[in-house]
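Following: one structure in structure tokens, then a few remarks.
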2 protein chains.
Amino acid sequence: MPPDKRIVFEQPCPIRDVLDRIGDQWSLLVLETLRGGTKRFNVLLREIGDISKQMLARTLRRLEQDGFVARTVFPEVPPRVEYTLTDLGRSFLEPMQALVFWADIHHQAIVAARQRYDQVIAPGGH
Amino acid sequence: MPPDKRIVFEQPCPIRDVLDRIGDQWSLLVLETLRGGTKRFNVLLREIGDISKQMLARTLRRLEQDGFVARTVFPEVPPRVEYTLTDLGRSFLEPMQALVFWADIHHQAIVAARQRYDQVIAPGGH
DNA sequence: AATATCGGTCTCCAATTTAGACCATGTCAT
DNA sequence: ATGACATGGTCTAAATTGGAGACCGATATT
């Protein structure tokens with residue numbers, strides 16, 4: 001993202017600003033995974049399954065930056081780093097929950113729409 | 001996305017499947033823009049402002065595919081193509097609205113968190 | 001010794017996104 | 001008649017982003 005894509009009229013547009021952050025491949029998924037409680041880096045990595053270390057590290061750093069998660073380092077060997085939702089992060093789970101419910105309820109409709117599209121529109125093309 | 005990243009245990013995981021679609025740079029923004037009613041391609045392009053033609057076209061095609069928006073072509077010259085939310089698309093606006101409200105309410109907290117991060121954590125590094 | 005754990009970072013390569021040219025067609029002003 | 005403009009895209013080349021896997025330092029385990 002260019003440094004100030006989210007700036008409109010000299011002020012950040014809240015919606016754009018927030019959507020730009022959580023609207024990526026992984027943020028929502030990480031947040032959803034942390035709903036289950038404090039977790040270590042490698043636990044997140046394994047639970048999510050198909051995220052790369054690099055992207056998990058980046059996503060967590062941005063979520064930390066924006067105050068959604070807190071990062072705690074334990075100076076042990078081997079190192080231990082725990083990630084946990086902040087109050088802000090937890091408050092975000094509520095609207096997100098609504099989205100997850102919606103997804104559950106309407107998933108079939110989406111799958112059906114895809115099939116219709118593949119059969120009716122795709123062969124002829126636009 | 002590899003063709004079947006969203007397939008888990010031989011069945012699509014609804015949450016992953018839906019989040020993978022709407023969780024991209026542009027889908028939520030396009031949907032939010034269409035909340036205002038039926039719009040033509042170039043109107044969307046101008047209202048969103050910093051999306052490229054190609055990405056708008058792609059995003060709209062996927063939203064159409066998944067049944068969120070309907071596409072109507074008027075065989076005029078110059079061509080006219082209108083995009084409008086379907087019932088499914090409109091039903092999605094409700095949980096999304098919750099997200100938008102949340103963003104409005106908590107935007108300041110996020111901005112504050114960023115400043116804290118920049119001042120406290122960034123200089124020392126991790 | 002070797003090997004594994006842990007939380008990353010780094011490099012290299014593949015995939016995605018962007019900017020911008022281009023297209024066909026018809027209307028409007030010169 | 002000629003040129004500019006509008007529309008809804010698509011195509012290409014260049015820039016950005018993402019993934020796979022090597023690597024690290026310190027210690028415990030085999």
Side-chain angles (χ1 to χ4, degrees), chain A residues 1-6 16 19-30 33-34 38-65 69-84 121-122 124-126, chain B residues 1-6 16 19-30 33-34 38-65 69-84 121-122 124-126:
Chain A
M1 181 174 62
D4 54 357
K5 177 182 275 190
R6 61 178 195 266
R16 295 293 305 262
L19 288 189
D20 271 359
R21 288 304 177 109
I22 60 148
D24 66 16
Q25 195 70 215
W26 302 114
S27 294
L28 289 178
L29 210 48
V30 170
T33 307
L34 281 176
T38 297
K39 288 183 180 152
R40 306 175 58 170
F41 186 87
N42 276 339
V43 171
L44 286 169
L45 202 59
R46 279 191 294 269
E47 284 194 16
I48 296 176
D50 54 357
I51 191 175
S52 68
K53 286 178 154 210
Q54 195 173 53
M55 285 312 292
L56 179 58
R58 264 189 225 168
T59 303
L60 286 170
R61 228 176 301 122
R62 278 187 313 147
L63 291 176
E64 184 196 0
Q65 219 169 80
V69 310
R71 178 180 187 268
T72 313
V73 183
F74 296 83
E76 309 171 351
V77 166
R80 180 157 60 107
V81 179
E82 289 186 345
Y83 292 91
T84 194
I121 301 185
H126 270 192
Chain B
M1 180 173 66
D4 54 358
K5 176 183 274 189
R6 61 179 194 267
R16 296 293 304 261
L19 288 188
D20 272 356
R21 288 303 177 108
I22 60 149
D24 66 18
Q25 196 69 213
W26 301 114
S27 295
L28 289 178
L29 211 47
V30 170
T33 306
L34 281 176
T38 297
K39 288 183 179 151
R40 305 174 59 170
F41 187 86
N42 277 339
V43 171
L44 286 168
L45 203 58
R46 279 190 294 270
E47 284 194 17
I48 296 178
D50 54 356
I51 191 175
S52 66
K53 286 177 152 209
Q54 197 174 54
M55 283 313 291
L56 179 58
R58 261 190 230 167
T59 303
L60 285 170
R61 230 174 302 120
R62 276 189 313 147
L63 290 176
E64 185 196 357
Q65 218 170 80
V69 311
R71 179 180 188 269
T72 314
V73 183
F74 297 83
E76 309 171 352
V77 166
R80 182 158 60 105
V81 179
E82 290 186 345
Y83 292 92
T84 194
I121 302 186
H126 271 191

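Remember, it's a predicted structure, so these values are computed and weren't measured experimentally. A, B, ... follow the sequence lines: proteins, then strands. Residue 1 opens every chain.
Remark: B:V73 engages B:R71, B:V81 in a side-chain contact (heavy atoms from CB on, under 4.5 Å) (not counting sequence neighbours). With sequence neighbours left out, A:R58 forms a salt bridge (charged side-chain N to carboxylate O under 4.0 Å, His left out) with no residue at all. With sequence neighbours left out, B:R46 forms a side chain to side chain donor-acceptor pair (under 3.5 Å) with no residue at all. Considering only residues two or more places apart in sequence or on other chains, A:R40 meets the side chain to side chain donor-acceptor pair (under 3.5 Å) condition with none of them. Legend: residues meeting side chain to side chain donor-acceptor pair (under 3.5 Å) with B:T84, ordered by chain and number and at least two apart, are B:T38. Residues that satisfy the side chain to side chain donor-acceptor pair (under 3.5 Å) test with A:T33, not counting sequence neighbours, are absent from this structure.
Straight-line distance from the CG atom of A:D20 to the C1' atom of D:dT16: 15 Å, rounded to whole Å. If you take CZ of A:R21 and P of D:dT17, they are 12 Å apart, rounded to a whole angstrom. Rounded to whole angstrom, the span from the CZ atom of B:F41 across to the C1' atom of D:dA6 amounts to 14 Å. Atoms CE (B:M55) and P (C:dA15) sit 17 Å apart, rounded to a whole Å. In this structure, B:L44 places its CG atom 10 Å from P of D:dG8, rounding to the nearest Å. What separates CD of B:E82 from C1' of D:dG9 is a distance of 16 Å, to the nearest Å. Atom CZ in A:F74 sits about 12 Å away from atom P in C:dG8, given to the nearest Å. Distance CZ (A:R58) to P (D:dT17): 8 Å, rounded to an integer number of Å.
Note that the CE atom of B:M55 and the CD atom of B:Q25 stand 8.0 Å from one another [nearest 0.5 Å].
Using a 4.5 Å heavy-atom threshold, the side chains of B:Y83 and B:L63 count as separate. Taking 4.5 Å as the limit, some side-chain heavy atom of B:D50 sits within range of a side-chain heavy atom of B:I48.
Of the side-chain N and O atoms in A:R80, none sit less than 4.0 angstrom from OP1 or OP2 of C:dG8. Phosphate proximity of D:dT10 to B:R61: present, with a side-chain N or O under 4.0 Å from OP1 or OP2. In this structure, A:W26 reaches the D:dG19 phosphate: one of its side-chain N or O atoms is under 4.0 Å from OP1 or OP2. OP1 or OP2 of D:dG8 lies within a sub-4.0 Å distance of a side-chain N or O belonging to B:R40.
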| task | Assign a letter to each nucleotide of nucleotides 23-30 of chain D from its 5' end: B, base within under 4.0 Å of a protein heavy atom; S, sugar-phosphate only; -, no contact. | result | --BBS---

I'd like a list of close polar pairs between nucleotides 13-15 of chain D and the protein, N/O only, cut-off under 3.5 Å.
none

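When distances are taken from the side chain of A:V81 to each of D:dG18, C:dG8, D:dG9, the shortest belongs to C:dG8.
Nearest-nucleotide positions on DNA chain C for B:I51 and A:V43 put A:V43 closer to the 5' end.
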